[in-house]
Number of protein chains: 2
Amino acid sequence: MTNLLKNKKISETPFRKEVLSIFTKYNNAIPLSIVEKELREYNRITLYRTIKIFLEKGIIHEIIITGEKSNYAICQEECVTNLHYHQHIHFKCNRCGIVSCVEIGKFPAIILPKYKIEQLEIQATGLCKKCNA
Amino acid sequence: MTNLLKNKKISETPFRKEVLSIFTKYNNAIPLSIVEKELREYNRITLYRTIKIFLEKGIIHEIIITGEKSNYAICQEECVTNLHYHQHIHFKCNRCGIVSCVEIGKFPAIILPKYKIEQLEIQATGLCKKCNA
DNA sequence: TTATTATTGCAACAATGTTGCATAAAATAA
DNA sequence: TTATTTTATGCAACATTGTTGCAATAATAA
C-alpha cells in the first residue's frame with residue numbers, strides 16, 4: 001500500500017491519495033456514493049477520472065451484482081492489471097447490503113466442452129457471516 | 001411461448017409482442033441496442049417500461065458482465081419470477097462478442113463456512129464453441 | 001357494446017458519464 | 001533548487017441512460 005500510486009506509475013496527487021485511503025479504510029467493496037460521502041468536497045469529473053484510472057491500472061476492481069450499482073474494491077496483489085483472475089467470489093448480503101470479496105479455498109473448475117474459458121467470475125447473494133450468526 | 005404474455009398476466013399489446021418476438025428470434029442474450037435496431041420505430045420510454053415489466057414478470061433476465069452493457073435473454077421455464085436460480089452460466093465470447101447462456105451439467109457447489117448462499121451467478125469469458133473451433 | 005383497467009406517448013426532469021480546453025500542479029531534467 | 005516537461009484538475013458544455021406525472025388511447029372484462 002505504501003506508494004501504490006507510484007508503483008503503478010501514476011502521479012501522486014492529494015485527491016488520489018484521499019480516494020485511495022477511503023478504499024483502504026473499508027475492507028469490503030463500496031459504491032461510488034460512499035466514496036462521495038467520505039470526501040468532504042470533490043469534483044465530480046475528477047472523481048470519475050480517478051476511478052477510471054484506478055480501474056485501468058489495477059488498483060481497484062469493479063463488482064457488478066445484477067440489479068445493484070457498481071461497487072469497487074482494492075485489488076489484491078494477484079490482481080494483475082487488466083487481468084483480474086480472482087481467487088475470491090463476490091458476495092452481496094441481502095440483509096446488511098454489504099458487498100465483499102470472499103476468499104475461497106479451491107476455485108471450482110468449470111468445464112464447457114468446446115469452449116475456452118479465460119476468466120471466471122462468481123457472484124453470490126445470501127447472508128454474510130455476521131448476518132447469518 | 002404461445003401466449004407468454006397472457007400466462008404472465010400482462011396485457012398483450014402489439015409493441016410487447018414485437019419486443020418479445022425479437023428476444024425469441026435470438027438464441028443468445030442481446031443488449032438494448034440490438035432490440036432498438038430490430039424495431040423499425042419505437043418509443044424510448046415505452047421500451048424501457050416494456051423491458052422493466054418483462055424483467056419483473058420473469059419473461060427475460062438481465063446479464064451484466066463487468067465492463068459490458070446489460071444484455072437480456074428470454075428466461076427458461078425454471079426461471080421463476082424474481083428468483084433466477086440459473087442452471088446455466090453466462091458466457092461472453094471475447095472474439096465474436098456474443099453473450100449467451102450456456103447449460104452446465106452439474107452446477108458447482110460453493111461452500112463458504114458461516115455464510116448462507118441463496119443465489120449463485122457464474123460468468124465466464126473466453127472463446128465460444130464457434131470461435132474456438 | 002360498454003365500463004373498467006392498463007398501456008402509450010409527450011414533456012419535463014434526474015442521474016450518470018464524457019470531451020475539449022485553459023489552468024494548475026506534479027514529475028523530471030538541468 | 002530552479003526550469004522544463006508532463007500530467008492532472010476544473011469548468012462548460014454535451015451525451016447517454018433512465019424516470020415520473022399526466023392526458024389520450026388501447027386492451028380486457030362485464
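Numbered from 1 within each chain, the chains take letters A, B, ... in sequence-line order.
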[X] [atom1] - [N] [atom2] separation (whole Å):
X	N	atom1	atom2	value
A/Arg16	C/dA25	CZ	C1'	11 Å
A/Leu5	D/dA8	CG	C1'	13 Å
A/Lys57	D/dT7	NZ	C1'	12 Å
A/Phe54	D/dA8	CZ	P	11 Å
A/Lys9	D/dT6	NZ	C1'	16 Å
B/Leu32	D/dG18	CG	P	7 Å
B/Leu20	C/dT7	CG	P	15 Å

Might you point out which heavy atoms bring [X] and [Y] nearest each other, and give the distance in Å?
X	Y	value
A/Asn71	A/Ala29	OD1-O, 3.5 Å
B/Ile122	A/Ile122	CG1-CG1, 4.2 Å
A/Val102	B/Tyr115	CG2-OH, 3.7 Å
A/Cys128	A/Cys93	N-SG, 3.5 Å
A/Ile64	B/Thr66	CD1-CA, 4.1 Å

Within the distance-only criterion (no hydrogens, no angle test), does the side chain of [X] pair as donor or acceptor with the backbone N or O of [Y] below 3.5 angstrom?
X	Y	result
A/Asn132	B/Lys114	yes
A/Gln123	A/Lys92	no
B/Asn3	B/Lys6	no
A/Asn27	A/Lys25	no

request  = Could you verify whether a donor N or O on one side chain and an acceptor N or O on the other, from B/Gln119 and B/Glu121, lie under 3.5 Å apart?
outcome  =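 On atom types as modelled, these side chains do not qualify, holding no pair under 3.5 Å.
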query = So, B/Ser70 versus B/Glu62: side-chain donor-acceptor pair below 3.5 Å or not?
reply =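 Indeed, the side chains of B/Ser70 and B/Glu62 share at least one donor-acceptor pair under 3.5 Å.
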query = Does OP1 or OP2 of D/dT17 have a side-chain N or O of B/Lys69 closer than 4.0 Å?
reply =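 Yes, B/Lys69 has a side-chain N/O under 4.0 Å of OP1/OP2 on D/dT17.
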request  = Find the bend of the helix from C/dT1-D/dA30 to C/dA30-D/dT1 as the angle between its two terminal axes (five pairs each), to the nearest 10°.
outcome  =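 The two end axes of the helix from C/dT1-D/dA30 to C/dA30-D/dT1 meet at 40°.
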note = Nucleotide by nucleotide, nucleotides 24-30 of chain D touches protein heavy atoms under 4.0 Å in the pattern (B base, S sugar-phosphate only, - none) ---SS--
key: Near-strand residues of residues 34-51 of chain A, defined as heavy-atom separation under 4.0 angstrom from DNA chain D   =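 Heavy-atom contacts with DNA chain D come from A/Asn43, A/Ile45, A/Thr46, A/Arg49.
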